[in-house]
Each structure stands twice: as structure tokens, then as C-alpha cells.
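Since the structure comes first, as C-alpha cells, the remarks are kept for the end.
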There are 2 protein chains.
Amino acid sequence: MTHHGEVTRSPARLRRLPTRLLSLAAMLSDRLVNEGLAHADARKWHYAVLATLEEAGPVSQAELSRRTGIYRSDVVAVINELAGRGLVERAPDPADRRRNVITMTRQGLDRLRSLDAVLAALEDEVLAPLTGPERDQLTGLLTRLVDHHAGSTGCA
Amino acid sequence: MTHHGEVTRSPARLRRLPTRLLSLAAMLSDRLVNEGLAHADARKWHYAVLATLEEAGPVSQAELSRRTGIYRSDVVAVINELAGRGLVERAPDPADRRRNVITMTRQGLDRLRSLDAVLAALEDEVLAPLTGPERDQLTGLLTRLVDHHAGSTGCA
DNA sequence: AGGTTCCGTTTGTGACACTAACGTTAGTTA
DNA sequence: TAACTAACGTTAGTGTCACAAACGGAACCT
């Protein structure tokens, strides 16, 4: 629920620009997702970290940064938030005292499960106008875009 | 050219999430586009405004806001920048003294032409991994996504 | 004349990607 | 063993962007 009800037509020039469409679509999608997650007292990084921990087991913060794409500087705050909620535990690594080992707690796993559901519903809302095969098509195309450009930046 | 060369695999869970793919792709695309435009002393809003002016002729700032999706608060700065470069002229509307009428100058039109070229090249770079038909598919899917969700927010 | 709505503008906020620097620790090489 | 290099976690800060809130002025409507 935001504002101006009257939608004026934007120029065809702009409407067809794929890059514009892309950031516009991402913006709308992000908005829905962030709202939905906020409503569940979470942010998308929370999910990313928890999902990574489930797949990879306990890892260092730097490793989390690499796998999720969160900047190394920002991992700190995310872990703080998760640890503050008891979803994750931060402990110094005895084997390498530079590292912190991040471990998911039982509550963290439960949380991940519920976020899985929340996110699935949100995905469904975002992709509402597309059929199943079309959704696959879209993710396929996007994946190829991302993979192609990820090489130059290093983001996974 | 950013940083970390070693790309660690991100969890399959995350890689397949359409919403994540969408914002990731948009991020990479935006980065390329912004860099390219900055290199030409422009920003994407400059292009959006100039393109709108060419299609719609002289209009008020509020109208520009509606057509481009720029927030009404932010139009001011964009017009300042464009006017400062002599690409656009801001004049009070004699018919309605609340309004400013924004008119594209001759230089503005030239600028729009060159930005057209810059942007076409950037589009091509972003969509590099996709074939022609695939690009159409992508813009088609994205358009449907955007149109579907634009109704609820009001953005064009 | 009064109330409502639109206009342009200023100021501010919160989120996010990103940079820079520091102290600590590990590995590597001299 | 000593010195260099590189990775780690952390703090602080930058710039950008979408967005909100409030204002004075001007138009419209009754």
C-alpha cells in the first residue's frame, strides 16, 4: 500500500529495455520478499546463512561470506542477529584461532524449516502470473545470465 | 574488477531461488549499466527522462515522475543535473503556476541519441549469453511479472 | 471564503553494496 | 628463529537508492 493510484503509461522505449525490466522486476520482487520476511522477523540474509549452514555444516564467517555473497564486513552483523535469536552459535575455532566457527542450533533448524515455507509462499506470489514451465524457463535464463557475469566479479 | 578470485559454490538451495536469482541478475546488470553510463557522465534516470521527453514532449516534473517511476522527491535533482548540462530547460508553466515545464534542448536530443547507442551496447553485454529468441523470451516473462505487480504498487 | 488536492522542494531515513583500516593469527620463506 | 605475507574477524564509514514526511504555493470546487 503505497501511493499514486493513477498509473500513467511509461514510454515504450523504456518498457522494452531488458535491463530496466530486470531491475524493475527485481525491485518489486525484493519488496515483496523483504516485507514477507520482515513480517516473520527475518531478513533474506538470515535465510541465506541458515540454508548454507544446513548444507555445509559448521563453517567460518569468511566461508559464509563466500558462499552467500554477503560482504565479509556485513557477516558480523548478520551473525550477531542470528546469535541474538539463538539460531546460531559463534565459537572460536580451536584449530585456527583466527576463525570463528558458526554452528546452527536446533532452533536454527526449526527456523530454517519455517522460513522455507514462508519463502516458498513468497516465491509463489512473485511468480504468480507465470505457469510452471515458464517459471523454469525464467530461472534457467536468469541462471545463465548470473553464471556468465559472476565470473568477472567473483560473486557466487 | 573487484576482489576474491576463488569462487566457492553457493548452496543449491539458494542458487535455485528465483527471487534470489532475480535480484542477483539485476544487481550484476545494474552494475554494468551504471558503470557504462557513468563512463559517459550519465545515470540511468537521465536516459529515462530524456527518452520520456522525446516521446511525450514537454511535460511537468510530476508527469515525469509518473512516467519514469522516479520518486517525485528525486525528480528535482535529476532535472537539476540535466539542466546543469544544458540538456533540458526548466520553466514555470504560465498556464498553471504550480507546474514547471521541462523541455528537451537540441543538445538533449543529441545526448539522447548517443545514450541510445551506449545503452544498446550495454544491453548487448548484459544479455551476451542469451540468443536472440531467448532475449525476447526473457523480456516477455519479465514484462508479465512487472505488469502483474505494478498494479498493486502503482509504478509504471 | 474554506477545504481539498496537486505541485515543486527540502530534509531525512533505512537498507544495502562496498571500501579502508586495524589487530590478531597462521603459513611460508629466508 | 626471524621476517614477510596472507587470511581472519571487526569497526567505521561512504555512496547510492527507494521512499517518507512535511512545507508553502497555487489551482479547483462549493
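Given the structure is predicted, the values throughout are model-derived calculations rather than measurements. Proteins come first, then strands; the chains are lettered A, B, ... in the order of their sequence lines, and each starts at number 1.
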Note to self: Between the side chains of A:Asp147 and A:Arg144, is the shortest nitrogen-to-carboxylate-oxygen separation below 4.0 Å, so that they form an ion pair?
What the structure shows: no

Checklist line | Rounded distance (Å) that lies between atom C1' of C:dA17 and atom CG of A:Asp30 | finding: 13 Å

Notebook entry, point to check: Salt bridge check: are A:Arg135 and A:Asp124 linked by an N-O gap of less than 4.0 Å?
Noted result: yes

Check: Under a 4.5 Å cut-off applied to non-hydrogen side-chain atoms, are B:Leu64 and B:Ile79 in contact?
Finding: yes

Note to self: I'd like to know if A:Arg13 pairs up with B:Glu54 as an ion pair, taking the criterion as any Lys NZ or Arg NE/NH1/NH2 lying under 4.0 Å from an Asp or Glu carboxylate oxygen.
What the structure shows: yes

Next item on the list: Consider the side chain of A:Met27, meaning its heavy atoms from C-beta on, and name the nucleotide among C:dT9, D:dA18, C:dA17 that approaches it most closely.
Entry: D:dA18

Next item on the list: Rounded to the nearest angstrom, tell me the gap between atom CG in A:Asp74 and atom P in D:dT14.
Entry: 16 Å

Notebook entry, point to check: What is the distance from CD of A:Glu35 to P of D:dA18, rounded to the nearest Å?
Noted result: 16 Å

Check: In residues 79-103 of chain B, which residues come under 4.0 Å of DNA chain D by heavy atom?
Finding: B:Asp96, B:Arg97, B:Arg98

Next item on the list: Check whether any side-chain N or O of A:Arg72 sits under 4.0 Å from OP1 or OP2 of C:dA20, and answer yes or no.
Entry: no

Next item on the list: Would you mind classifying the nucleic acid contact of B:Ser73 as base, sugar-phosphate or nothing, using non-hydrogen atoms under 4.0 angstrom?
Entry: base

Check: Atom CG of B:Leu37 and atom C1' of D:dC17: how far apart are they, to the nearest Å?
Finding: 15 Å

Next item on the list: Specify the separation, in whole Å, of atom CD of B:Glu63 and atom P of C:dC6.
Entry: 13 Å

Check: Roughly how many Å is it from CG in A:Asn34 to P in D:dA18, rounded to a whole number?
Finding: 14 Å

Notebook entry, point to check: Does A:Arg43 pair with A:Glu81 as a salt bridge, N-O distance under 4.0 Å?
Noted result: yes

Checklist line | Length of the line joining A:Ile70:CD1 and D:dT10:P, which is rounded to integer Å | finding: 14 Å

Next item on the list: Would you mind reporting whether A:Leu50 and A:Val88 have side-chain heavy atoms less than 4.5 Å apart?
Entry: yes

Notebook entry, point to check: Do any of residues 41-54 of chain A sit with a heavy atom less than 4.0 Å from DNA chain C, and if so which?
Noted result: A:Arg43, A:Trp45

Item checked: Distance-only polar pair, side chains of B:Gln61 and B:Arg90, donor-acceptor under 3.5 Å -> yes

Checklist line | Pair A:Glu89-A:Thr103, side chain to side chain donor-acceptor pair (under 3.5 Å): steps then yes or no | finding: CA-CA 5 Å; A:Glu89 272 169 4; A:Thr103 315; 5.6 Å; no

Item checked: Nucleotide C:dA20, atom P - distance to OH of A:Tyr71 in whole Å -> 10 Å

Margin query: If the cut-off is 4.0 Å, is B:Gln61 near the phosphate of C:dT9, judged by side-chain N/O to OP1 or OP2?
Written below: yes

Next item on the list: Decide whether A:Glu55 and A:Thr52 meet the rule of one side-chain donor and one side-chain acceptor closer than 3.5 Å.
Entry: no

